[in-house]
Amino acid sequence: MKGTRYTPLEIEKKWQERWEKEGTWKVEVDDKRPKYYVLEMFPYPSGNIHMGHVRNYCIGDVIARSKRMDGFNVLHPMGWDAFGLPAENAAIKNQVHPAAWTYSNIQAMRAQLKTLGYSYDWSRELATCRPEYYTWEQRFFLRFLEKGLVYRKEAPQNWCPSCHTVLANEQVIDGKCWRCDSDVEQKDLTQWFLKITAYGDELLSDLALLEGKWPDRVLAMQRNWIGKSTGTLVSFPLEAPIGDTTDITVFTTRPDTLFGVTFLTIAPEHPLVESLIAGNEHEDAIKAFITKTRNLDRLLRQSDTLEKEGIATGAYCIHPLTGKRIPIWLGNFVLAGYGTGAVMGVPYADQRDFEFAKKFNLPVLPIIEPEGGVPENQTEAMTNPGRLINSGEFTGMESEAAKKAITEKLEAAKKGSATAQFRLRDWNISRQRYWGAPIPVVYCKKCGIVPEKEENLPVLLPLDLKVREDGRSPLPEEDSFAVCTCPRCGGPARRETDTMDTFMESSWYFARYTSAREEQRAFDEKAMNYWLPVDQYIGGVEHAILHLLYARFFTKALRDLGIYPKNLDEPFANLLTQGMVLKEGSKMSKSKGNIVNPAEMIERYGADTVRLFCLFAAPPERDFDWSDSGIEGASRFLSRVWRLFVENKDLFTPMHACGAGETDAVTPVLRELRRKEHETVKKAREDLVSRFQFNTAIAAIMELVNTMYLCREKLGDTNEEKRVFTSAMATVLTLLSPITPHLCEELWEAMGHTTSLCKERWPALDESALEKDVVTIALQVNGKLRGTMDVPGGSGKEDLEKAALSDASIQRHTEGKNIVKVIVVPGKLVNIVAK
RNA sequence: GCGAGAGUGGCGGAAUUGGUAGACGCACUGGAUUUAGGAUCCAGCGGGGCAUCUCAUGGGGGUUCAAGUCCCCCCUCUCGUACCA
């Protein structure tokens, strides 16, 4: 410690250098110690650290540092999600190569992160665009291929015209591209898919393992996204079979309403439509309807205000149980991509079918008896389950039983089967982009699709290409990359020129951190077994579906391939979704010009102040508004801690800092200070380690500092006084060190300690110090506060009751009343029930 | 519509198992010190009467000796999602 002024920038530099030089944050597997893996979602190297990053990493760092003080062997790594489109856009704009742009951004951002003093084990740093990273991903891809978990198919795909690439379903938000907000188009393409649906059931059921450990809303979002619904497939035989096709199959969750079917509705995109309408006298009108519906804007078609439209095909099918003729209609509300693209029309029990039937004058057949009987003039569908009527042999059954019985009957007649539908679709991982990991397969005229040989991996992304001005990938036209020989027959072949979705890289990076420098394998088994799963994952809620669902799927798939430990079902044991940092109530953005630059704040106040404010302003999961006066307050507090030390330097000497005292703290002031100190130890530790409520931990430490200021004036300089005051100071520094590590290290050293504060454990809690000489008891009459009284700590029930009854205020409020009951909660209150 | 979360001073937020509502901080007001201050210190700070008291945690009921906290009904806001059959 040089002078008496608090000079954060100097102090912070000093400690950051020392930590780095001493390798303070390097960790290794240690079987003798319990492990704790805390991870913040790694950043995309956009070039600048923003406040959202700072908040995210502050939360992670406090947890990491707190868990270390709790005795855990803590893994806390950092890396870069380095493939992706912005690099290509920047390349076009600034005439630099995406790689150069990315690596220089990483360098700049790493330097910025380092000024914040985060306790990362930088020796494990990784960047996903490096071949030594994506080579493993290519291997995983080939293993998936072998296992049938990855396949190629042609299907209508989400196409972003501005990014010139396809998007996975999860990456289409409100019909727009998740990244650039352009309207997404549909395009028929052959693409690579990962069979995430094979894990649909497990992805859904394992959410139960995360209950209480992940935020409810994230669990709910995943549940909705997977969208499992159980029901029955029902085949309706066609009156006039079309070639080999004899039935139209529908999916329903309400087989109990099967007897209420009066029509079938199919999507205009249904494969049978053309044959069904062939020869119909209104064929032209029907075709016009199909064209009109198909051309409707996707967004518009899915909006709830869209009027139900339809047209009869003129074709009929036969009800599988009653044998009735059922007309087949086209409907604009039937989705081709869900279920079978055909639904049975039960206007009595389904609101959409009801509206459709009313509009086109189709019959409504009551099949469930509601309470109070079937209404005369039905105005809406009767969607509640109940007792069946008009349902043949099933009449009289309750809906639930009927669902089962009807499905069994259909199964016996080979007219249907129980099934489950998922909303979840397979994950399209092909991207028509340059800056991504190459997909390691080739196309051979003779052999077809051939996986690249393992010894030829990685398939290197060529770095000597120029990004095309129009944004399209240069890979397909680059013969040195695309033209190759077939790994099987040696003949001429073409390499796959699509690259992998960047969400592939982020689906397994957390595991690579356990053995980031391993060259022979993706993971060192011992390290992976020791560190995984991530104990605490921290990031924004915007990844609730995309990244978190993909990573969960990857984990299960790699587990089943024997690559991950076989008991690793979920990658992230606990999840904290931190809130956003706002400015004047809205998200910081360049266009609004309301960006607060972390670098400027650090320069002005120091990293410790920025860290303190980010954690103090709000609980971590809540949004908070950046406030310029708020950070002033944080800065003021740290100066107060600093001054507390320098103005009382003579009270703090190493002699007094170590060892227990010879006598107990005697004076009331000392006892009070000692009590406050240990109350704070208890509260702050719990808030930091278990509750993750950093704002209240800080508030408690502020209270202790306030108490020390008050006590200081009443203190002399006896050894006893020095000892108690020194202990309190040491406690402030220790408790505060996960939050503002530099300042605390500096003062800790100034107190005469020769070892670093970050090697310390929490101060020992002395329960006896918590005992109070005098407690204040609330006095109530009929639950209303009527006063307080001070009594000796540990007073018994009778004493409290007696004392309360003799209290003047109590007597006034109970005067003329009958005391019915007296409730005494020792240490808290006395409530007198009087009538 | 469905799902999740949230409504507490001028503001951010405390109150962890039902037990003194408003901790801690910001802003504000008055005072001290100062050449001056955006530095520091002291005091005040939910509303009404301003003393005894009283009303207050989105609204209305209920349970309880006691409710921000538990139960029922309703309102508002935020996020997600949606002709999913």
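Numbered from 1 within each chain, the chains take letters A, B, ... in sequence-line order.
Among the heavy atoms of the strands lying under 4.0 Å from Asn706(A) are primed sugar atoms or P, OP1, OP2 only; no base atom is included. Note on Pro619(A): only backbone sugar-phosphate atoms sit closer than 4.0 angstrom, heavy atoms only; bases stay farther off. Note on Gly633(A): only backbone sugar-phosphate atoms sit closer than 4.0 angstrom, heavy atoms only; bases stay farther off. Residue Asp353(A) is classed as having no contact, given no heavy-atom separation below 4.0 Å to the nucleic acid. No contact: Glu632(A) has no heavy atom under 4.0 Å from any strand. Counting any heavy atom pair closer than 4.0 Å across all strands shown, Gln351(A) reaches no nucleic acid atom. Across all strands, Thr253(A) comes closer than 4.0 Å only to sugar-phosphate atoms, never to a base (heavy-atom distances). Nucleic acid contact class of Thr776(A) (heavy atoms, under 4.0 Å, all strands): base.
Of the residues in residues 826-835 of chain A, those lying under 4.0 Å from RNA chain B by heavy-atom distance are Lys828(A), Leu829(A), Asn831(A), Val833(A).
As rounded to whole Å, 20 Å separates atom P of C83(B) from atom CD1 of Ile266(A). Put simply, CD1 on Ile545(A) is 12 Å from C1' on G3(B), counting in whole angstrom units. Atom-to-atom, CZ of Arg423(A) to C1' of A82(B) comes out at 8 Å; the value is rounded to the nearest Å.
Taking only distance into account, the side chain of Lys683(A) meets the base of U16(B) through a donor-acceptor pair shorter than 3.5 Å.
The side-chain heavy atoms of Ile631(A) and Met601(A), taken from C-beta on, include a pair separated by under 4.5 Å. Using a 4.5 Å heavy-atom threshold, the side chains of Thr788(A) and Ile777(A) count as separate. Two residues are said to be in side-chain contact when any heavy atoms from C-beta on lie closer than 4.5 Å; Leu388(A) and Ser399(A) meet this criterion.
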| query | Does the salt bridge (charged side-chain N to carboxylate O under 4.0 Å, His left out) test come out yes or no for Arg786(A) and Asp807(A), once each step is laid out? | reply | CA-CA 10 Å; Arg786(A) 293 303 176 192; Asp807(A) 180 87; over 6 Å; no

| In dot-bracket form, how is RNA chain B paired, counting a Watson-Crick or G-U wobble pair only if both its distances are under 3.5 Å and using | for bases paired to another strand? | (((((((..(((......[....))).(((((.......))))).(((....)))..(((((..]....))))))))))))....

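Judged by a 6.0 Å distance limit and a 45° cone about the ring axis, Lys308(A) is positioned over the six-membered ring of Phe333(A).
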